[in-house]
J.: 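Pasting in a structure now, in structure tokens, and then I'll have a few things to ask.
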There are 4 protein chains.
Amino acid sequence: MTPPPERRRELLATAAEVFAAHGYKATTVRRIADEAGMLAGSLYYHFDSKESILDEILSTFLDELWDRYDAVLAAGLGPRETIEALVTESFREIDRHGPAVAIYQKESRHLAKQQRFAYLAESQERFEKAWLGTLERGVADRVFRADLDIRLAYRFLRDTVWVAASWYRPGGQHSPEEIARQYLSMVLDGIAVGENPEPTAKAHSDS
Amino acid sequence: MTPPPERRRELLATAAEVFAAHGYKATTVRRIADEAGMLAGSLYYHFDSKESILDEILSTFLDELWDRYDAVLAAGLGPRETIEALVTESFREIDRHGPAVAIYQKESRHLAKQQRFAYLAESQERFEKAWLGTLERGVADRVFRADLDIRLAYRFLRDTVWVAASWYRPGGQHSPEEIARQYLSMVLDGIAVGENPEPTAKAHSDS
Amino acid sequence: MTPPPERRRELLATAAEVFAAHGYKATTVRRIADEAGMLAGSLYYHFDSKESILDEILSTFLDELWDRYDAVLAAGLGPRETIEALVTESFREIDRHGPAVAIYQKESRHLAKQQRFAYLAESQERFEKAWLGTLERGVADRVFRADLDIRLAYRFLRDTVWVAASWYRPGGQHSPEEIARQYLSMVLDGIAVGENPEPTAKAHSDS
Amino acid sequence: MTPPPERRRELLATAAEVFAAHGYKATTVRRIADEAGMLAGSLYYHFDSKESILDEILSTFLDELWDRYDAVLAAGLGPRETIEALVTESFREIDRHGPAVAIYQKESRHLAKQQRFAYLAESQERFEKAWLGTLERGVADRVFRADLDIRLAYRFLRDTVWVAASWYRPGGQHSPEEIARQYLSMVLDGIAVGENPEPTAKAHSDS
DNA sequence: TATGAATGAGCTTTCATTCAT
DNA sequence: CATGAATGAAAGCTCATTCAT
């Protein structure tokens, strides 16, 4: 005997998976219904439109994400620890809402232009502020390297984390925390061994 | 009087931009035609179908990319230098064919399932072989850290590079080579200052 | 505790109002249910179908109307008095069943083609016979003008009366009898002052 | 070799007839297309939507109607002659655009609530001003009876005229001018013979 | 009596594609 | 080469209706 909100959540989860796998536009409402074991029209008993399903998936995900992020940002950690905590929370979010993150990754850029999804752009800004601010603090504290373009570093961190949603599958051999640790290790200390001060990219010249 | 192949290339470039901006499925053939200053039906004089436009964009991009990659791989460089060269070439490719790369990034996963786009999966495999092999060689040579999950590192490198296509705009303040250098600096040596042997991710524990 | 027939009548009244306001086709069964404070499905406990609701509204209205008309026609009045009585009864009917009359006005023409609503066409014929007969009798008795096209006069009278259902609201400042009196005054004696033997429509020539 | 606007006009005429016969809501786009000898989807090459077809039908009709009305109102005629001219123009309009008038008659009341069809409400107001003003002038000039409720007379005139669209068929035995003359004769001078000062409605008492 | 959930037919609309000119 | 007009399949959505509870 499942209470009504349960059914709704099931449908949203199903829809999120299909959206993530095939893209929002390419996903038919009928496909979602099939996957949920009902007819296309029946979905409209639960939701207003295909778009409102997408909306609910994305806003639910962002609400939850910001709950975690805000807790981290309010904890008064140092810059490095803040980055570590944000990355870890991000991978946990991928673990919990992988499909939602994948959809966000693929669709948010053009969705953000629409009135209805303006919150995506807002979230994006808060996002940027939080990460950029932490990186700047870290540079000031001499925890992060000063010779890097900080906006580039921000994009690098951001993408590095979220793009994982495209291949991560929950229940795999690595826990989200383990993946976070490895990612942080690479991002913070690099994949090269010890003391390599300068990359030698210029060594390779074009044809 | 421009020769036909020229017009074709223009149309492909236009189509690639629109596909990149809105997604393949969400892009209508009419939108492409509008952007090109013709009517939808007229596109069919130049191309068989919408899908064949996509096909030509992606295969052209991959052909060119592999030309460069093969040159790098045949040069007999060390593992670190190989990685540096591959990354540099990748950013140059983004510079030249940004939209094609963005499309590849967004659509290749589900396109690869189709017969017609099987070459995407093949390319993906060669890709993986080249990068993984180089990383393994680097670990053996003690150029890269041995304590990292090498498949994770591969995905990390791959995604880090290509995802840049989503924000990179040619003609900006950084040349592709400069961006490559910064990216490599982060990936190889990390963003943290000097001697941090261990990330402290475990410092942040969840409930 | 209201007896069932009472509830039924309430629902019919509600449905009639919504049908009248938005048209039969444009009215959803859910809208009626909303207005009645129940769910759409629940209406089907009381009625077989949306169409049967419409049927009951229209047939109830016509049954009642004919009761009154038959009484008038059986009363042996003169032509002018008959017309006056019919018009007065019509306005009373509008007062009592405004929405039903409005629905009849809007929908009867195409409904009459359906088997189920054949009684609309029959009623229409009896209607025509009663009014036309009275008018003819009036012309013969030299009570009504002989120079008018009698079928045109019939349509004129008929429409003049029923169309009032589209703006009449019960409880307004004029009683139905008062409106009937004014209408009859216009129809019988005209709106012009006294002795205007000939309209001068021909005075207006086209451009 | 018909020029493009011709095709458009044909389609609008076809659509208007179907809308008039079955009601806007009950008319399917497919039905219109059938009647026009094409497939439903093909209509969308010519029009944005079903609603925009309706819009174009109604606004075209009203534009034309007001051209005529304005000419009449600017002609400086006396009240009676103005009424005669307006009625005559109205019947001519019914003759030319019968279906449009029928649609207007049936649908304008609820359409006027929508933003897009606000011009219907505006037109309605101008309408009222023109007719009411003329009637008032006529009463002041002792051309029209002073003992009648002028708003009632206005509704009476207005409805009397337009409702004719529901039965009028062009090419019948009466020209629009002839019908106008008969209508005006009834409206101005009444259907009763000569000197009947008072209707005797009160002679019929209710049960 | 009424509800909640679903059905299924049919609707408006979109869009890749075709083709005579 | 390009246009204008159409096709036809499929999409999102609506809604009268059903039915177990």
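Order of the sequence lines fixes the chain letters, A, B, ..., with proteins taken first and strands second; residue numbering starts at 1 for each chain.
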J.: Send over the distance from A:H22 NE2 to F:dA11 P, rounded to a whole Å.
T.: 13 Å
J.: List the atom of C:A20, the atom of C:A102, and the distance in Å for their closest heavy-atom pair.
T.: CB-CB, 4.0 Å
J.: Would you tell me if any nitrogen or oxygen in the side chain of B:S42 comes within less than 4.0 Å of OP1 or OP2 on F:dT3?
T.: yes
J.: Going by the rule side chain to side chain contact (heavy atoms under 4.5 Å, CB included), which residues pair with C:R109 if we only count those two or more places apart in sequence or in a different chain?
T.: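 Residues passing side chain to side chain contact (heavy atoms under 4.5 Å, CB included) with C:R109: D:S166.
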J.: May I ask you to decide whether C:E64 forms a salt bridge with C:R96, counting only side-chain N to carboxylate O separations under 4.0 Å?
T.: yes
J.: What is the distance from CZ of A:R8 to P of E:dG4, rounded to the nearest Å?
T.: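 Interatomic distance, CZ of A:R8 to P of E:dG4: 14 Å.
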J.: Looking at every strand, decide which applies to B:T27 at a 4.0 Å heavy-atom threshold: base, sugar-phosphate, or nothing.
T.: sugar-phosphate
J.: Measure from CG on D:L39 to P on F:dA9 and round the result to the nearest Å.
T.: 10 Å
J.: Starting at CG of C:D34 and ending at P of E:dT3, how long is that distance when rounded to a whole Å?
T.: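 C:D34 atom CG is separated from E:dT3 atom P by 11 Å.
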J.: Heavy atoms, side chains only, cut-off 4.5 Å: are C:T28 and C:I32 in contact?
T.: no
J.: Should A:Y44 be listed as having a side-chain N or O under 4.0 Å from OP1 or OP2 of F:dT14?
T.: no
J.: Does F:dA6 have its OP1 or OP2 closer than 4.0 Å to a side-chain nitrogen or oxygen of D:R7?
T.: yes
J.: Between D:M38 and C:Y24, who's closer to the 5' end of DNA chain F by nearest nucleotide?
T.: D:M38
J.: Mapping D:E51 and A:G37 onto DNA chain E by nearest heavy atom, which one lands closer to the 5' end?
T.: A:G37
J.: Salt bridge between A:R8 and A:E56, side-chain N to carboxylate O under 4.0 Å?
T.: yes
J.: Determine the contact category for A:V29: base if any of its heavy atoms lies under 4.0 Å from a base atom, sugar-phosphate if only primed atoms, P, OP1 or OP2 are that close, otherwise nothing.
T.: sugar-phosphate
J.: Say whether, by atom type as modelled, one donor and one acceptor occur between the side chain of C:S52 and the main chain of C:D55 under 3.5 angstrom.
T.: no
J.: Got a sec: does the CZ of B:R30 have more than 12 other heavy atoms crowding it under 6.0 Å?
T.: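 Not buried by this count: 12 neighbours or fewer within 6.0 Å.
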J.: What's the CD1-C1' distance between B:I32 and E:dC15, to the nearest Å?
T.: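 These atoms are roughly 12 Å apart.
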J.: Would you write the dot-bracket representation of DNA chain E, where each base gets (, ), [, ], | or . depending on whether it forms a Watson-Crick or G-U pair under 3.5 Å and with which partner?
T.: .||||||||||||||||||||
J.: Send over the distance from D:K25 NZ to F:dA16 C1', rounded to a whole Å.
T.: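 Taking NZ of D:K25 and C1' of F:dA16, I get 13 Å after rounding.
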J.: Phosphate oxygens OP1/OP2 of F:dA5: is one of them under 4.0 Å from a side-chain N or O of D:Y45?
T.: yes
J.: Whole Å only: how far is the CZ atom of D:F19 from the C1' atom of E:dT12?
T.: 12 Å
J.: Among residues two or more places apart or on two chains, list those pairs meeting ring-ring contact (aromatic ring centres under 6.0 Å, His included) that have a residue in residues 29-51 of chain A.
T.: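 Not a single pair qualifies under ring-ring contact (aromatic ring centres under 6.0 Å, His included).
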J.: Nearest whole Å is fine: how far is E:dT12 C1' from D:F47 CZ?
T.: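 To the nearest whole Å, that distance equals 15 Å.
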J.: Here's a test of your reading of the structure: between D:K50 and B:R30, which maps to the more 5' nucleotide of DNA chain E?
T.: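 Its nearest nucleotide lies further toward 5', so the answer is D:K50.
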J.: For a quick test of reading the model: is some side-chain N or O of D:H46 closer than 4.0 Å to OP1 or OP2 of F:dG4?
T.: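 Negative; the distance criterion is not met.
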